[in-house]
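Everything below concerns the one structure shown next.
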Amino acid sequence: MIQFVNVSKEYKNGVKALSNVNLSIEKGEFVFLVGPSGAGKSTIIKLILKEEDPTEGKIYLNDMDITKVKNRKIPYIRRKVGVVFQDFRLLQNKTVYENVAFAMEIIGAHPKEIRRNVPMVLSMVDLSRKAYCYPDELSGGEHQRVAIARAIVNSPPILIADEPTGNLDPETAWEIMNVLRDINRRGTTVLMATHAKDIVDIMKKRVIAIESGKIVRDEEKGVYENEISNI
Amino acid sequence: MRMKFRIFKNIVKQGFQGMWRNRGMGLASVGSITAVLIILGIVLIMILSINNVVVETKNKFDEIQIFLEDDITDEQLDYIEEQAKENEGVLSVIYQSKEQALEIMKEDWGENAYLLEGFETNPLPDSFIVKLKGIEYADSVVNKVQELEGIDEVKYYKDIIEKLVLMANYVRGGGLIITAILIVVSIFIISNTIKITVTARQREINIMKYVGATNGYIRGPFIIEGVLFGLIGAVLSILIVNYGYRYFFNTVNDKLYVLFTVYLVPPVALIKDLSIIFISIGMGIGALGSLVSLKRFLNA
Ligand SMILES: Nc1ncnc2c1ncn2[C@@H]1O[C@H](COP(=O)(O)OP(=O)(O)O)[C@@H](O)[C@H]1O
Ligand SMILES: [Mg+2]
């Protein structure tokens with residue numbers, strides 16, 4: 001599903017964010033990408049989303065080589081990957097329903113399809129009652145659930161979450177984790193970057209640990225591990 | 001196909017929304033485009049009118065008129081005719097008496113001929129009219145006959161035509177430069193207007209990118225917004241130039257400067273071409289302004 005082969009990334013300003021990263025994520029997996037701030041987690045995500053190009057190595061998505069693709073093709077790659085960020089990124093002037101429908105309008109979905117899918121994903125993230133609320137009427141957890149609904153409404157095979165619980169209190173964070181776990185159970189591959197030790201330890205999922213741009217550990221049913229402290 | 005159409009409809013809708021939300025700055029954009037096109041219109045009308053004069057003059061006056069002194073002798077008369085006929089490019093040499101000249105003038109002036117009634121004696125001289133194959137033969141004929149006895153003055157229109165052509169070139173050159181500068185200014189104003197929409201929608205654009213919107217989908221509304229401003233400017237300037245010029249043309253006509261209006265392009269002949277030119281340029285400026293701002297502020 002996602003494969004990095006000897007990937008290195010040096011930003012234009014000379015920062016070497018990743019060096020020689022190898023990883024392979026299979027269809028249906030739930031994977032935590034852990035490591036301290038500045039380790040290179042977001043860089044890996046940016047490479048998958050084609051926001052950045054790798055300096056060296058190869059990246060495959062669905063067996064397709066996306067190391068070098070034409071700008072014109074990038075939107076179609078992104079449609080295969082739903083994304084959720086720490087800061088939610090909702091449109092304040094649109095309702096919950098509209099925020100989610102927006103993702104479908106952009107790709108030219110049929111209005112009938114929009115009317116069917118949006119309520120469906122909203123009920124999946126337990127937000128049916130808030131469909132006509134605006135973001136400023138929502139709690140942090142609800143914000144993030146809207147963002148997740150938007151990310152999955154076009155049924156991408158992969159869902160990427162970059163520190164989705166970073167702005168949430170522990171209880172709400174679990175609310176989000178349950179939603180992500182549900183989505184993964186329905187067959188979506190989930191990759192989540194985090195430095196929330198508790199969550200990683202309890203979830204018992206595959207853990208890829210990264211430090212200073214290098215993968216230092218990759219294990220099934222892993223834990224966050226003590227020596228990588230939670231900064 | 002239907003999907004493409006829905007996407008297109010969305011883009012157009014967003015374009016209109018952008019224009020409406022941004023109507024304050026939009027006014028400046030529309031104003032600048034209107035101004036450019038009005039000036040371009042004036043330049044075009046001037047060029048066309050001068051061209052008209054050149055063509056008309058060339059057709060009417062590929063001839064030389066040799067005005068004769070009153071006390072010319074018959075020998076001198078014959079000699080001048082002979083010398084004139086000898087030249088290359090001369091089709092005919094015709095004698096025109098002062099009485100004939102006055103008749104012709106009266107005909108030319110038509111309903112204003114009464115102005116000529118006031119003269120007690122005919123002020124026009126006798127003359128030879130030398131018809132030429134083309135205006136380019138004029139110089140050699142003039143050189144040959146100019147110094148002969150009995151000639152008062154040799155008149156020909158090469159100078160005037162050359163001056164007119166020169167003037168047309170100046171107007172064209174100057175007009176082009178002014179128009180080009182104004183077009184650049186309008187593109188700048190439009191691009192700043194669009195920048196406001198881009199900035200206002202920066203968040204939305206970012207989200208759109210993550211959700212997989214194509215560049216066309218993201219840029220489309222801005223280009224449409226720019227083109228709409230251009231279109232409004234074009235329509236305004238078409239109305240202003242059309243009615244303004246009609247008014248000018250009729251005023252000049254009414255004030256009896258008939259000789260002048262003969263050479264002005266008639267407004268009706270102008271409107272269609274002018275509309276096409278204005279709409280293309282207006283929309284072009286709008287689209288270009290958007291593209292400039294997208295390049296600078298969207299870097300996508
Ligand atoms: N756009 C960028 N330009 C330059 N350096 C960057 C950029 N993005 C991230 N970096 C640097 O790359 C390194 C890895 O960053 P990042 O991948 O964001 O880490 P993480 O997400 O694990 O906190 C950091 O040193 C960071 O400063
Ligand atoms: Mg990060």
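Each chain gets a letter, A, B and so on, in the order its sequence line appears, and its residues count up from 1.
Here ring-ring contact (aromatic ring centres under 6.0 Å, His included) pairs that include residues 191-212 of chain B, with residues two or more places apart or in two chains, are A:Phe85-B:Tyr210.
Taking a 6.0 Å sphere around NZ of A:Lys94, one finds it holds more than 12 heavy atoms contributed by other residues, nucleotides or ligands. Atom OH of B:Tyr170 has 12 or fewer heavy atoms from other residues, nucleotides or ligands within 6.0 Å. No more than 12 heavy atoms of other residues, nucleotides or ligands lie within 6.0 Å of NZ in B:Lys9, so this atom counts as exposed by the packing criterion.
Side chain of A:Arg89 to main chain of B:Arg203: no donor-acceptor pair is present (N/O by atom type, distance under 3.5 Å, no hydrogens or angles).
Residue A:Glu105 holds its CD atom at 6.0 Å from NZ of B:Lys13, rounded to the nearest 0.5 Å. Rounding to the nearest 0.5 angstrom, the gap separating the CD1 atom in B:Ile218 from the CD1 atom in A:Ile106 is 7.5 Å. Rounding to the nearest 0.5 Å places CG of A:Asn93 at 6.5 Å from CD of B:Glu204.
Of all non-hydrogen atoms in A:Gly108 and B:Arg6, the two that sit nearest each other are O-NH2, 3.0 Å.
Taking A:Phe32 as the reference, A:Phe30 meet the ring pair (Phe, Tyr, Trp, His ring centres under 6.0 Å) condition, with sequence neighbours excluded. With sequence neighbours excluded, the residues that form a salt bridge (charged side-chain N to carboxylate O under 4.0 Å, His left out) with A:Lys9 are A:Glu52.
With respect to chain A, the highest number of heavy-atom pairs below 4.5 Å among B:Thr214, B:Val211, B:Ile207 belongs to B:Ile207.
Using a 4.5 Å heavy-atom cut-off against chain B, no residue of residues 120-139 of chain A qualifies as contacting.
With a 4.5 angstrom heavy-atom cutoff, A:Asn154 touches chain B only via side-chain atoms. Looking at A:Arg150, the atoms closer than 4.5 Å to chain B (heavy atoms on both sides) all sit in the side chain, from C-beta outward.
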